[in-house]
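To keep things clear, I will list the structure first and then write my remarks on it.
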Amino acid sequence: MNKIITLLLGLLIYLHAEEENTYKLGNGVQIASLPMYIGGYISMDYYHTDDENRYRIDDIAFLSYGNHNKFSYMLEVEFQELYTITETDGHTVTQNNNRLEIERLYIDYNANANYLLRVGKYNSPIGFWNMLPINILRETTSSPQSTYVIFPTFTTGILTSFSSFKHEEYEIDILLQHNQDLDSNYNNYVVDEHYGFGITYTTKNDLHLKVNAGVFNNIPHNGLASQNLYYALLSAKYENNNFEFIGEIGSQRSKHEATTNYAWYTQGLYRFQEKHITVLRVESYDDKMNNNFENIAIIGYTYRPTYPIAVKVEYQFHSNWSKNKFLSSLSVLF
């Protein structure tokens, strides 16, 4: 733990020393004259309920990325929930997780402006929220439950994408997985098969509409037999200089029954000043597989002194009042 913190502090000091020369916070550092950049991010959060306080170094991630001609790559490795202190009824529990996880590792081939081929582990191109893989890019500390219960967050396999920009834009994605996950510890489902498609349509007024559907083979942690789960998700997003609206609704079922009757959220944000953002989100889900049902309302505030730094606070109102909570976080992209 001490070695990791020392390494991180050393990296931050180095980046600060470089800032007056060529380095800009959030852009990473180029390795000599190679088409390779090194960067990363850190996220810390605080959680409070009536009977529990939690202090956590949630993410320390390191990124490597670059491109050459028609090829590009992305590598992201992460210490997730690296250090946690939990206080409950006068008792304090400290937990460490020193396992380095592979979050993303893929190579892209851009045949031209319209066609993309991706091979490796990547964020499943499902909905809009799941395409913001880094905490600092989002305006709330928490994510909607619908992004965890409907589909696998990550896919290890092949992605093909076609885009058209002639009049009104549209994009077609096809994802194929027929193998084990590159790092099954870093995914919300353990899968060895995943097939899906998505269609995104963007109007001239910057309204984005998206539909996704697919099937994956879920391998339960409890040793039960695996089963195919089918999902569908509808998404919409609109954004201008001051406002952003995003909403998603989906469901999941097995061959015989609904496993998640529904999961949806809507979120709106208002940038009342350049560095200040207010957020309101409402969500609901009925997860029959895990016997979870909830309605949640979230109000939040984000302060960005500069874009690669975000300070966030939010309060969550749950239909089960005992789950009401306060969350705050600090995240930095370097």
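Only heavy atoms go into these numbers, but all of them, side chains included; no hydrogens, no water, no symmetry mates.
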Between the side chains of [X] and [Y], is a donor N or O closer than 3.5 angstrom to an acceptor N or O?
X    : Y    : answer
S161 : D173 : yes
N295 : S284 : yes
T147 : N130 : no
Q316 : S142 : yes
Q252 : Y230 : no
T155 : S124 : yes

Please determine whether side chain to side chain contact (heavy atoms under 4.5 Å, CB included) holds for the pair V191 and T156, giving the CA-CA distance in whole Å, both sets of side-chain angles, and the decisive distance to 0.1 Å. CA-CA 9 Å; V191 301; T156 299; over 6 Å; no
Can you establish whether the number of heavy atoms outside [X] located under 6.0 Å from its atom [atom1] is more than 12?
X    : atom1 : answer
N240 : CG    : yes
N185 : CG    : yes
Y115 : OH    : no
I107 : CD1   : no
I299 : CD1   : no

N228/Y195 under side chain to side chain contact (heavy atoms under 4.5 Å, CB included): CA gap, chis, key distance, verdict: CA-CA 11 Å; N228 286 335; Y195 310 100; over 6 Å; no
Listed pairs under 3.5 Å, donor-acceptor, residues 322-334 side chains, sequence neighbours left out:
residue : atom : partner : partner atom : Å
S322    : OG   : N320    : OD1          : 2.7
N324    : OD1  : H318    : N            : 2.7
S329    : OG   : T141    : OG1          : 2.8

Would a hydrophobic clustering, with Ile, Leu, Val, Met, Phe, Trp and Tyr connected at side-chain separations under 4.5 Å, put [X] with [Y]?
X    : Y    : answer
V190 : I102 : no
F151 : I199 : no
Y303 : Y46  : yes
M131 : L159 : no

Any idea which heavy atoms bring [X] and [Y] closest together, and the distance?
X    : Y    : result
T140 : N135 : O-ND2, 4.5 Å
E294 : S319 : CA-OG, 3.7 Å
N114 : S164 : ND2-CA, 4.1 Å
A263 : S146 : CB-CB, 3.6 Å
I150 : Y231 : O-CB, 3.6 Å
P133 : N123 : CB-OD1, 3.3 Å

Qualifying residues under side chain to side chain donor-acceptor pair (under 3.5 Å), relative to D89, sequence neighbours excluded: none
Would you say the ring centers of F317 and Y315 fall short of 6.0 Å from each other? yes
Within the 6.0 Å centroid threshold, strictly below: Y37 and Y65: yes
Between E52 and R54, is there a side-chain N and carboxylate O pair less than 4.0 Å apart? no
State whether E314 and K312 are salt-bridged, where the test is any N-O pair (Lys NZ or Arg NE/NH1/NH2 against Asp/Glu carboxylate O) under 4.0 Å. no
Between L280 and I298, is a side chain to side chain contact (heavy atoms under 4.5 Å, CB included) present by the stated rule, with each step listed? CA-CA 6 Å; L280 176 64; I298 295 170; over 6 Å; no
Look at the aromatic rings of [X] and [Y] and report parallel, tilted or perpendicular, splitting at 30° and 60°.
X    : Y    : answer
Y262 : F293 : perpendicular
F62  : F79  : perpendicular
Y106 : Y122 : perpendicular

Partners passing side-chain contact (heavy atoms from CB on, under 4.5 Å) against Y270 (at least two apart in sequence or in another chain): N242, F243, F272, T278
Under the side-chain contact (heavy atoms from CB on, under 4.5 Å) test, which residues partner N69, sequence neighbours left out? none
Please, which pairs that meet salt bridge (charged side-chain N to carboxylate O under 4.0 Å, His left out) have at least one residue in [range], sequence neighbours excluded?
range            : answer
residues 241-265 : none
residues 126-149 : E139-R304
residues 229-240 : E239-R271
residues 103-125 : E76-R104, D108-R118, K121-D181

For residues 204-211, which side-chain donor-acceptor pairs fall under 3.5 Å, sequence neighbours excluded?
residue : atom : partner : partner atom : Å
H208    : ND1  : T202    : OG1          : 3.0
K210    : NZ   : P125    : O            : 3.3
K210    : NZ   : G127    : O            : 2.9

Show which residues join Y186 in its hydrophobic cluster (side-chain heavy-atom contacts under 4.5 Å, direct or indirect), or state none. F154
Linking Ile, Leu, Val, Met, Phe, Trp and Tyr by side-chain heavy atoms under 4.5 Å, what else ends up with Y265? F128, W129, I246
For Y285 and N292, what are the C-alpha separation, side-chain angles and deciding distance, and is it a side chain to side chain contact (heavy atoms under 4.5 Å, CB included)? CA-CA 8 Å; Y285 66 98; N292 286 333; 3.7 Å; yes
ring-ring contact (aromatic ring centres under 6.0 Å, His included) against Y170, all qualifying residues, sequence neighbours excluded: none
Pick out which of M44, E87, H48 makes a side chain to side chain contact (heavy atoms under 4.5 Å, CB included) with Y55. E87
